[in-house]
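In what follows, a single structure is set out as structure tokens and then discussed.
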Amino acid sequence: KSSKIAKPEHVPDAAVQLVVLERAGIPIGRVSIAHLNGDYVCSGADYVPEELISITDVTEEAHAYARSVPSRLDEMRAMLEADAAPLMDIGSYCKRPYTCEFLEHCRESEPKWSIEELPRLSDKKRRELRGAGVRAIPDIPAMFRLTPDQERVRQSVSTGKPYVGRGL
């Protein structure tokens, strides 16, 4: 992986590969994530590939996740065979750990100046706003608690006047 550490989001990928290999009859004794060694510094001479890469054992985590892969595959097959796209609210999971390739499709029904444009909108605040029927920034009640950055965005969008401040 092109990161300095093995991340939790790497485990599902390794688990799926584990399931595929085991179902193909290949016994797997260890599951590891290869990633960049953030402590490696090239001295200027030939670099040492073995020191450039770190290996993190994720065998236990991969096996734990692998137990859920068959049922997850069944869910995915059912979704793909359905006549309509699944109904999903937009949330932080649309961008983390990776941006969903369907995000723009899901945002097609969002109004101009969607609340999704607010910087660092938490899922809790998103649920509160959507639960109150608020989908557009100008519709956010003045008393709704936002961060200072979010409030500046709300003010700017609501008044149509750009925010100009120090440090911009």
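If you read the sequence from its start, that first residue is 1, and numbering goes on from there.
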I want to check something: taking the side chain as every heavy atom from C-beta on, are [X] and [Y] in contact at a cut-off of under 4.5 Å?
X	Y	value
Q150	P119	yes
D74	R77	yes
F144	R154	no
E61	T56	no
N37	I53	no

Hey, could you give me the [atom1]/[atom2] distance between [X] and [Y], rounded to the nearest 0.5 Å?
X	Y	atom1	atom2	result
I115	I137	CD1	CD1	8.5 Å
K7	D13	NZ	CG	13.5 Å
Q155	R152	CD	CZ	11.0 Å
E151	L118	CD	CG	9.5 Å
H10	I5	NE2	CD1	8.0 Å
L103	H105	CG	NE2	11.0 Å

Is there a path of hydrophobic side-chain contacts, each under 4.5 Å between heavy atoms, that joins L73 and V19?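 They do share one cluster, since a chain of ILVMFWY contacts under 4.5 Å joins L73 to V19.
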Taking L129 as the starting point, is it possible to reach I90 by hopping between hydrophobic residues whose side chains are less than 4.5 Å apart?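 No, it is not one cluster - the side chains of I90 and L129 are not joined through contacts under 4.5 Å.
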In plain terms, say whether [X] and [Y] are close enough for a salt bridge, that is, a side-chain N and a carboxylate O under 4.0 Å apart.
X	Y	result
E75	R72	no
K112	E117	no
D89	R126	no
R130	E110	yes

Mark yes when over 12 heavy atoms from residues, nucleotides or ligands other than D46 sit less than 6.0 Å from its CG; otherwise mark no.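 Count not over threshold, so no.
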Under 6.0 Å from the OH atom of Y93, do we count more than 12 heavy atoms belonging to anything else shown?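 Yes, OH of Y93 has more than 12 neighbouring heavy atoms, counting only those of other groups under 6.0 Å.
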Does T147 form a side-chain contact (heavy atoms from CB on, under 4.5 Å) with K125? I'd like the steps, not just the answer. CA-CA 11 Å; T147 67; K125 293 284 187 181; over 6 Å; no
Any idea which heavy atoms bring [X] and [Y] closest together, and the distance?
X	Y	value
C42	Y47	SG-CB, 3.9 Å
S32	D57	OG-CA, 4.0 Å
H35	I33	CD2-O, 3.5 Å
A66	P70	O-CD, 3.4 Å
A62	A15	O-CB, 3.4 Å
C106	S109	O-OG, 3.9 Å

K124 vs R127, side-chain contact (heavy atoms from CB on, under 4.5 Å): CA-CA, chis, key distance, verdict: CA-CA 5 Å; K124 179 181 178 193; R127 282 191 302 271; 4.0 Å; yes
Polar side-chain atom of [X] near backbone of [Y] as donor-acceptor pair, under 3.5 Å:
X	Y	answer
Y40	V48	yes
T59	V31	yes
D123	S92	yes
H63	E60	no

Apply side-chain contact (heavy atoms from CB on, under 4.5 Å) to residues Y65 and L18 and explain how you reach the verdict. CA-CA 10 Å; Y65 191 93; L18 171 65; over 6 Å; no
Would M88 and F102 count as a side-chain contact (heavy atoms from CB on, under 4.5 Å) here? Give the steps. CA-CA 11 Å; M88 292 287 297; F102 297 104; over 6 Å; no
